[in-house]
Amino acid sequence: MDVTIQIIAAFVGSLGYGIIFNVRRGHLISAAFGGMLTWAVYLISAAVTGGIIAPSVIGGAFAAMYAEILARIRKAPANQFLVVSLMPLVPGRALYYTMSCAVQRDWLESRYYGTQTLQYALGIAAGMCLVWAFWDMARKIAEKKRQLQTEKGC
């Protein structure tokens, strides 16, 4: 039951961010659905792998792949889908406690939560970068194949 509530909350939260970021109405539900799926992927990978970094990498990679695929299907910029799909992964709790402990001068706790925040952020960024690198490589290979086929046809 708790997982179902989290997934529904991820959809509603992503939908809210989509509205705030002025995502077009035709893309709003698809973008929010991406946030819901990203959170589901994160929860599954967290249950399987544990820790912070691996689930964050997998979640970030999924969000980037979802955004790129949907951008091609919907003929829209991938950023619209990416920003909304990543919202459930933002480490708000860890960041809040980092700052709260720092303000209270509890440096040990602040460092602990700051390390967690950094792990989340680096994991998400690494996942996105991996997908973009593979996506770019696949695009260049496809372009090279088309170029070779055109040269053979001449």
Side-chain angles (χ1 to χ4, degrees), residues 1-74 76-141:
M1 185 66 170
D2 183 46
V3 173
T4 306
I5 292 171
Q6 286 186 40
I7 291 173
I8 292 170
F11 177 81
V12 173
S14 297
L15 187 66
Y17 275 104
I19 292 168
I20 290 170
F21 288 122
N22 292 323
V23 174
R24 284 190 9 215
R25 273 199 166 157
H27 303 312
L28 193 57
I29 298 297
S30 300
F33 191 68
M36 181 183 75
L37 289 177
T38 298
W39 187 246
V41 166
Y42 175 82
L43 290 176
I44 292 167
S45 61
V48 172
T49 64
I52 293 174
I53 294 178
S56 295
V57 169
I58 294 167
F62 177 82
M65 183 65 74
Y66 181 83
E68 291 293 336
I69 290 171
L70 222 57
R72 300 307 181 269
I73 292 171
R74 298 289 202 130
N79 289 346
Q80 287 187 28
F81 303 107
L82 181 66
V83 170
V84 176
S85 294
L86 284 175
M87 279 306 144
L89 295 181
V90 172
R93 177 183 173 271
L95 185 58
Y96 171 79
Y97 283 123
T98 300
M99 297 310 298
S100 176
C101 292
V103 167
Q104 296 172 9
R105 296 178 192 254
D106 186 355
W107 305 119
L108 189 61
E109 286 292 308
S110 180
R111 185 177 61 183
Y112 170 74
Y113 287 114
T115 303
Q116 277 189 347
T117 302
L118 190 61
Q119 288 176 359
Y120 282 117
L122 290 175
I124 294 166
M128 292 181 336
C129 287
L130 285 171
V131 167
W132 290 332
F134 287 125
W135 198 268
D136 189 52
M137 200 172 12
R139 184 186 56 79
K140 287 180 180 177
I141 290 170

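- Nearest heavy atoms, S85 versus F81: OG-O, 2.7 Å.
- In plain terms, the two heavy atoms of P55 and G50 that are nearest each other are CD-O, 3.5 Å.
- In terms of heavy-atom proximity, W132 sits nearest to A64 at NE1-CB, 4.1 Å.
- Between the CZ atom of F21 and the CG atom of N79 there is a distance of 11.0 Å, given to the nearest 0.5 Å.
- Nearest heavy atoms, V131 versus A61: CG2-O, 3.2 Å.
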* Start with the C-alpha distance between I53 and L122, add both sets of side-chain angles, then the distance that settles side chain to side chain contact (heavy atoms under 4.5 Å, CB included), and finish with yes or no. => CA-CA 8 Å; I53 294 178; L122 290 175; over 6 Å; no

Worked check of side chain to side chain contact (heavy atoms under 4.5 Å, CB included) between Y113 and M99
CA-CA 9 Å; Y113 287 114; M99 297 310 298; over 6 Å; no

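- W39 and L89 get closest at one heavy-atom pair: CE3-CD2, 4.1 Å.
- The CD atom of Q119 sits 12.0 Å away from atom CD1 of I124, with the distance rounded to the nearest 0.5 Å.
- Qualifying side-chain contact (heavy atoms from CB on, under 4.5 Å) partners for R139, counting only residues two or more places apart in sequence or in other chains: D136, E143.
- More than 12 heavy atoms of other shown residues, nucleotides or ligands fall within 6.0 angstrom of atom CZ in R72.
- The side-chain contact (heavy atoms from CB on, under 4.5 Å) test with L86 singles out one residue from V90, V84, L82, and that residue is L82.
- Considering only heavy atoms from C-beta on, Y17 stays 4.5 Å or farther from V83 through its side chain.
- Contact check for Q116 versus Y97: no side-chain heavy atoms found under the 4.5 Å cut-off.
- Remark: side-chain polar atoms of R24 are not paired, donor with acceptor, to backbone N or O of Q80 under 3.5 angstrom.
- For the pair T49 (side chain) and S45 (backbone), a donor-acceptor distance under 3.5 Å is present.
- The aromatic rings of F33 and Y66 sit tilted, their planes meeting at an angle between 30° and 60°.
- Taking CD from Q6 and OH from Y42, the interatomic distance works out to 10.0 Å, rounded to the nearest 0.5 Å.
- Taking OG1 of T38 as the start and CD1 of I58 as the end, the distance is 12.5 Å to the nearest 0.5 Å.
- Using a 4.5 Å heavy-atom cutoff, the side chains of F134 and E68 are not in contact.
- How far CG of L118 is from CG of L95: 11.0 Å, rounded to the nearest 0.5 Å.
- With rounding to the nearest 0.5 Å, the separation of CG in L15 from CE in M36 is 11.5 Å.
- Using modelled atom types, one side-chain atom of T98 and one backbone atom of A94 make a donor-acceptor pair closer than 3.5 Å.
- The heavy-atom pair separating S14 from G35 by the smallest distance is OG-CA, 3.4 Å.
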